[in-house]
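Heavy-atom basis, side chains included; hydrogens, waters and symmetry copies ignored. Keep in mind that what you see is a predicted model, and the values were worked out from it rather than measured. If you read the sequence from its start, that first residue is 1, and numbering goes on from there.
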Amino acid sequence: MAHRWGVFLAAHWRLTLAMWALVLAACAVSVPLLEHRLRAPDFTVDAAQSAEARRVVSQHFPAIGAEQDVIVFDSGQLTTDSAQYRAVVGDMLTKVRATQGVSEVVGPFDDAPAALISTDRRTAIAIVGLLGSADRRAQIAKDLAQKASEHKTGPVTVGLTGHSPMQNDQVRIGVEDTTKAELIGLPVALLLLVLAMGALVAAVVPVGMALAGIAGAYGLIYLLSQVMHFDTLVLAIATMIGTGVGIDYSMFLVSRFREELAAGGGDRASVRRAVGATMDTTGRTIAASGLIVMISLGALFVVRVPIFRAVAGGVAASVTAALLVSLTLLPAVMAGLGTRINKGALPAKFTPPDIQPDQPAGVWQRWARMTMRKPILFAAAAIALLVLSAAPLVGVKFGVDAGAAALSEEPSGRATELVEQKFASGLLAPVQIVATAPGDGPMTETHGQRLENFAAKLSKDSRISSVIPEEAGGRVVATVILRVPFDSPEATALVESIRKDARMVTAYGGPVIRVGGETAEYVDFSREIKDKSPLVFGLVLASSLLFLIVVFRSVLLPLEAIVMNLLAIGAAMGITVAVFQWGLGESLFDFTSRGFIQVFLPTVVFAVLFGLSMDYEVFLIGRIKEYWDRDGDNKSAVAAGLAHTARPITAAAAIMVVVFGSFVTAHVMEDKQIGFALAVAVAIDAIIVRLMLVPALMQIFGRWNWWFPTRRGKRLP
């Protein structure tokens, strides 16, 4: 069927190109529309305690609003006592109060329960409550930021910070980082492709297909955005994966097509046969690889966090687009080009041996046979290196970095720095403690007394600046302003401590106490990931094992593949911990270590990488299996398979390392960490696993590699 599909596309290549031109034009139109729908990552957890606290506050304390932002007034010349300073504050707050969606404004000269003027009297703040959904609050924050920008110069400057203002700036930075990474990665990828393919046209085609795949991915993500929320992290990951797999899939197909052309001549009939043969071999392998990636990503849906669903949906869209381009558009392009795909050839010594008739495979076949002569030595060395690289995982620490460092040059970032320097750090995102009777009803007098005792204990904590209670209808919300940054480990430990004490109060007949706010959302987010990660890992491993058994028609090879992938991913994460937690690469990669890595990094990287690493495994083992099925000689099959795939695999890996590594230039920490982890993992997988461990282990196990259970003397279907 795959062969017939390839021949059909080759026969109708003009119609296929015309249809794809229309599709890509529609996708191009959707790109700016998609960018307007993006928002910053959503770390909330469905039905968590923090979500319940937000619901109660929104329902019974509408004046507080769903979010509290901070307007920052600052002057290097005037103090808050001057009439000019007060005039700027009054003018700004009048505009803010007139903005639709603002619930309450507490100015620095109002009778506020907390000090809103700095000790040097040159900086003042106002607290602004925002109403509505996350998308609505983001729009209100944009309107307020626009009003504040009218005072970005002058004796008194005005800035806006808080959750939505910071997220708005992060979205813009994220889009800029993604564009910059593409501009770095694609030209380098093209250069590597020219060297790997030995011809200019053969190198340009995969880059063009990758760009078409990215456009298709953006179109699919835009359609999905009608029912899902997507953020800048998803856009970055989808672009990374889409570019990497798009180039890889296309390069593998073009390499096999040129090989088939070299063996069959250059007339139109032989071109169609070459396309058909390419789709029947490498095309099927790529389809299997893409399915494995999407199976791995599907496991992320068990985590009750919107960001995980968004990552799974966005990356699945990018892989789907890459598959559609590779299996429909690319065959038509190859058929249209025919032998012209070899135009712009480099000197013969740079030409792949597969497209030179009667030429030996050369260095890679010699490497394979050398590895298989001493398989135990090579296997032991590779495993030792992987285990050593994974060693830093023993001391790994997790946290959530809100990304304030990435905003140092943005209006919200400058406002944040002023708040942290001159006021309590936690003022930007206070903890909210909500107390009600069971069933969200009004509290009794006994409940109120116990709540007072609970609040009195809180006020003595050195990490807390102030506790501001507010009562409505027998329900109380206490705004707790921290002295420590809201995304710090100290803030996380404080929330966990408050919740522990709150459970004791509730258990002994007290009110129902819920702890919310951004720090509490991070705590719930971290706990959900820790609880669900084993399930994600188990689903990925089990589904991949079953799928590989079907693809390879073997029991041992899938087990080997899974163990090798786990070692490679562990090694990559260990190196990531050494760089970003220990801070070994701070100056090189332009960041300041927070002493932890993002809590969601291992789970996301595992799901994405497990699928991606299977690309090379399926491509390599699939080619080895062709020779095994033909000759039944394990050693010769491994040597021939590696000889024909090592060059494209190493080239593909180098390209992926460049594409993923280009995101290390990003300002947003999660983009930087994910790009680094993926780049390191791909390099390890291609060099240590595919070129050392695979041939060594296949030689050690010999014919057992291909054992498959039988039923009544017949192989299982």
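- A heavy-atom distance below 4.5 Å is found between the side chains of Lys672 and Val664.
- Within 6.0 Å of atom CD in Glu409, 12 or fewer heavy atoms from other residues, nucleotides or ligands are found, so the atom counts as exposed in its surroundings.
- Val579 places a side-chain heavy atom less than 4.5 Å from the side chain of Phe591.
- Remark: the Glu67 side chain and the Ser164 side chain contain an N/O donor-acceptor pair separated by less than 3.5 Å.
- Looking at Thr519, its side chain does come within 3.5 Å of a backbone N or O of Phe486 through a donor-acceptor pair.
- Contact check for Val56 versus Gln59: no side-chain heavy atoms found under the 4.5 Å cut-off.
- Counting only heavy atoms from C-beta outward, the side chains of Met573 and Val680 never approach each other to under 4.5 Å.
- Between the side chain of Glu586 and the backbone N or O of Ser593, at least one donor-acceptor pair lies under 3.5 Å.
- Two residues are said to be in side-chain contact when any heavy atoms from C-beta on lie closer than 4.5 Å; Glu417 and Gln421 meet this criterion.
- A side-chain donor from one of Gln598 and Glu670 sits under 3.5 Å from a side-chain acceptor of the other.
- Side-chain atoms of Glu521 never come within 3.5 Å of backbone atoms of Ser50 as a donor-acceptor pair (strictly under, hydrogens ignored).
- When each of Arg137, Arg136, Glu104, Gln139 is checked for a side chain to side chain contact (heavy atoms under 4.5 Å, CB included) with Leu130, only Arg137 meets the rule.
- The main-chain N or O of Phe663 is never found under 3.5 Å from a side-chain atom of Asp177 such that the two would form a donor-acceptor pair.
- For the pairing with Leu407, the side chain to side chain contact (heavy atoms under 4.5 Å, CB included) check across Thr416, Val668, Ile173 returns one residue only, Ile173.
- Residues Val302 and Phe308 fail the side-chain proximity criterion, which asks for heavy atoms closer than 4.5 Å.
- Side chain of Ser662 to backbone of Val659: a donor-acceptor contact under 3.5 angstrom is found.
- Smallest separation of non-hydrogen atoms from Leu78 and Arg122: O-NH1, 3.4 Å.
- With Ser58 contributing its side chain and Arg54 its backbone, the two residues share no donor-acceptor pair below 3.5 Å.
- Remark: the backbone N or O of Gly399 is not paired with any side-chain donor or acceptor of Arg594 at under 3.5 angstrom.
- Taking all atoms of both residues into account, the shortest heavy-atom contact from Leu297 to Ala316 is CD1-N, 3.6 Å.
- Side chains of Val315 and Ser318 form a contact here, defined as non-hydrogen atoms less than 4.5 Å apart.
- The backbone N or O of Ile481 sits nowhere less than 3.5 Å from a side-chain atom of Ser465 that would complete a donor-acceptor pair.
- Contact of the Pro206 side chain with the Met209 side chain is not registered, since no non-hydrogen atoms from C-beta on lie closer than 4.5 Å.
- Ion pairing between a basic and an acidic side chain is recognised when a charged N comes within 4.0 Å of a carboxylate O; Asp143 and Lys147 show no such pairing.
- No donor-acceptor pair under 3.5 Å is formed between the side chain of Tyr249 and the backbone N or O of Val319.
- A donor-acceptor pair shorter than 3.5 Å can be found between the side chains of Ser412 and Asp169.
- Gly185 and Val658 make their closest contact through O-CG1, 3.7 Å (heavy atoms, listed as atom of the first residue, atom of the second, distance).
- A donor-acceptor distance shorter than 3.5 angstrom exists from the side chain of Lys180 to the backbone of Thr665, with no hydrogens or angles considered.
- Val245 and Met656 get closest at one heavy-atom pair: N-CE, 3.6 Å.
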Determine, stepwise, if the pair Tyr218 / Leu235 fulfils side chain to side chain contact (heavy atoms under 4.5 Å, CB included).
-> CA-CA 8 Å; Tyr218 284 6; Leu235 186 69; 3.4 Å; yes

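- Between Phe580 and Phe676, the ring-plane angle classifies as perpendicular under the 30° and 60° cut-offs.
- When the shell of 6.0 Å around CG of Asp590 is examined, it contains 12 or fewer heavy atoms from other residues, nucleotides or ligands.
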